[in-house]
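A, B, ... follow the sequence lines: proteins, then strands. Residue 1 opens every chain. Quantities reported herein were computed from a predicted structural model and do not represent experimental measurements.
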Amino acid sequence: MTKQTISSLRTELRDLYDDYCAALDEGRLDDWSGYFTDDALYTVMSRESFVNGLSHATMYCEGLAMIRDRTNAIRETSVFEPRTIRHFVSGVRVLKDDDLIEARANFLLSEALYNSEPQILMVGEYLDVLRREDGVLKIKKRQAVYDNFRIRTALVMPV
Amino acid sequence: MSEAQESMTTERKWPELGPCRVPAWVYTDPELFERELEKFHYGKCWNYVGLECELPKPNMYRRNFVGGRPVLMTRDAEGEIHVVENRCAHRGSPVCWAQQGEVKDLTCPYHQWTFDMAGNLQGIPFMRGAPRPNPGMPKDFDKTKHGLTKLKTHVHEGTVWASYDHDAPDFNDYVGPDIIRFLDRILAGRELRLLGYSRQLIPCNWKLYFENSRDPYHATLLHSFFTTFGIYRADARFNVTPQPGGHEYIQSFLDPSLRETRSDVTAEMKTLKEGFTLEDMSVVTPYDEFEDGIISSLQVFPSLFVQQHGNVLALRHILPKGPQSTELAWTYFGYATDDDEMKTRRLKQGNLVGPAGYVSMEDGEVLAQVQAVVSQNPATQQIVEMGGRDNIGPAQTAITETLIRAFYDFYRREMNL
Amino acid sequence: MTWTTVAKFDELPEEEGVCVVAEGRKIALFKIGDEVFAIDDTCSHAEAQLSQGFVEDCAVECPLHQACFDLRTGAALSAPATEPVNTYPAKVEAGAVLIEL
């Protein structure tokens, strides 16, 4: 793997992550689920669980069907205060560039609610495995491990 | 004390209608909050501290809280479980700073006072003074009198409980035979396997969370995911049973056929989503592992809700952090005998509960909303009349507020309000 | 195994320890009456010098956490130590203290 290929893959990943975050920030949940492979595993998990090698996740979606169920449930059944969420992704790096690509990135989410200023909702790290499907990079596994000791009030949207 | 606070104290008189009214000042008053901690968390009550399986090896510890105070659950070299305060007897530093660990002994980082896993003070650096011949600790300093504060500790079927009061009643007497029976339904004779943790900090008074968890009425309305999938519906069969001592249990009987059933009851449930379905139904298709078709939740006052929701086994540890702040620490577990399929089932159904749960996410949301309003209206009253003003007995329906009334009946007696 | 001179007997304090270095090892010497005992200077429990400890009844108490060790055998006599410390044969010849390493 040359420096050049890492750099171009890194650029491609940054674009992917920015688009993924924009889909969530703009509430385009169907676009968001489109970034995953059919067999994807998507989890949002506390660092407390992660460092102890535990598998329970605050959000646990095994397969695209469960990822889409999450988005449908948010739209159809969940009751929550309207909010503006903004994702900030940094530190994108490639750990492995093979048939499967392993990558990591930091995330920070701010949340703005009625009668209060935006606050940090969550900070953590994406641990990703990606696969190229018809030339397009898709997420095969994403563990969003949050550093927060506690989630502020509730976690409404995916990370 | 400011004049405003003073007048609030003098106004603190329970409404005449009794437990079917809750005055909003109970959710904000800092003095009342301190009194609650003293009475319930540092008094003769048993508080949840953890699971035995969180300390799989000797000489391990894990941090937690009883009320607002930091404690350690430890396992000594012989395997015995202890609960001690995580407060050095010397200068009040926490002895353990990492959340959990395996150690030779408990050594405070500040001055390296060393305690054994049961909290007994073993050593003090330079106790004889240094360098010679400077005096050290006074000759009559008695190490046996300056250990970590020990809590009375009880292990019940893998769950660990502690009380600051060594005269606390026997644990089984404290919770009562019904709660023991339903605890044992999911705990007895099982080797528990830890699955993980989620925590949330809800900006509300702990009693608002209590009321919410004792309120099956809201569950049939606010949580439309429940009703839509027939998991928890107003037309299902329920056992809603207050217990002495502030405990309670709620059982509902799972009837998947309700998914297809519409009745005059469902017509009133505006939130039931016709046509909404899941692509992966495993989240709402539990395996009846206890062979009784029951969904069960129970509360061991003042600190723990034990939830069996289909195949999700979750402990909700309620930690009051301030008059208007409550931590909800979720611990998920299964059994050592679970095969991969069962473990996956538990993980998938885990989406139902927790800070992002399909049937619990709304609780954090609504309680934050309620707290923000009632805190500005301490003189207002909450109405708790569903099922009868004075009824604090058991009910066979979800449409009841009997558990909230029963709680305040207990609370008022304990708090002399 | 060789005998090495590590101190002068007259210069050792009574009922107190002294740390000497021999062949790169830190060794604590204790003079009890006419006899000298030699053990490892570092406590088996934590990073502390036993030569700084309090001596009583042919035992030394670690200054850091009060674990006691038998000067004759090196055995841990009290918590928090559970492991013994090394001992070395010691003798006094013509006013010199020798230990066998």
Side-chain angles (χ1 to χ4, degrees), chain B residues 57-61 72 74-80 82 84 88-90 93 95-96 101-148 150, chain C residues 7 10-21 26-33 36-71 74-86:
Chain B
K57 289 190 275 184
N59 281 67
M60 286 190 75
Y61 73 86
L72 299 170
T74 72
R75 189 188 283 279
D76 67 22
E78 281 73 48
E80 196 183 335
H82 305 269
V84 296
C88 184
H90 180 213
S93 168
V95 175
C96 295
E102 191 179 346
V103 289
K104 278 202 297 193
D105 43 43
L106 305 171
T107 299
C108 177
Y110 198 1
H111 301 90
Q112 289 186 24
W113 284 33
T114 300
F115 306 86
D116 67 16
M117 298 308 276
N120 300 307
L121 177 58
Q122 292 192 314
I124 296 175
F126 311 119
M127 185 162 159
R128 307 277 188 178
R132 286 182 297 250
N134 288 296
M137 297 296 278
K139 283 222 160 24
D140 61 355
F141 184 85
D142 185 351
K143 284 202 287 189
T144 65
K145 292 201 172 106
H146 297 283
L148 302 177
K150 294 177 184 180
Chain C
D10 288 349
E11 289 173 6
L12 290 183
E14 297 286 340
E15 307 265 312
E16 274 186 27
V18 164
C19 176
V20 296
V21 179
K26 282 185 179 170
I27 292 163
L29 300 180
F30 299 91
K31 176 165 140 185
I32 311 285
V36 174
F37 299 93
I39 63 173
D40 269 343
D41 191 36
T42 305
C43 178
S44 67
H45 168 252
E47 199 63 33
Q49 281 190 281
L50 294 176
S51 57
Q52 299 292 315
F54 175 81
V55 180
E56 199 170 59
D57 297 336
C58 211
V60 62
E61 180 192 81
C62 175
L64 205 46
H65 300 116
Q66 292 83 52
C68 288
F69 297 93
D70 189 317
L71 293 179
L77 300 176
S78 69
T82 50
E83 299 293 315
V85 290
N86 283 324

Residues in residues 134-144 of chain B near chain C [non-hydrogen atoms, under 4.5 Å]: B:K143

Under 3.5 Å, which donor-acceptor pairs link side chains of residues 115-122 of chain B to any protein atom two or more places apart or in another chain?
from: B:D116; atom 1: OD1; to: B:A118; atom 2: N; distance (Å): 3.0
from: B:D116; atom 1: OD1; to: B:G119; atom 2: N; distance (Å): 3.0
from: B:D116; atom 1: OD1; to: B:N120; atom 2: N; distance (Å): 2.9
from: B:D116; atom 1: OD1; to: B:N120; atom 2: ND2; distance (Å): 3.4
from: B:D116; atom 1: OD2; to: B:N120; atom 2: ND2; distance (Å): 3.0
from: B:N120; atom 1: OD1; to: B:K150; atom 2: NZ; distance (Å): 2.6

Chain B neighbours within residues 58-67 of chain C, where any heavy atom lies under 4.5 Å away: C:E61, C:P63, C:L64, C:H65, C:Q66

Neighbourhood of chain B inside residues 37-49 of chain C, taking heavy atoms under 4.5 Å as contact: C:S44, C:H45

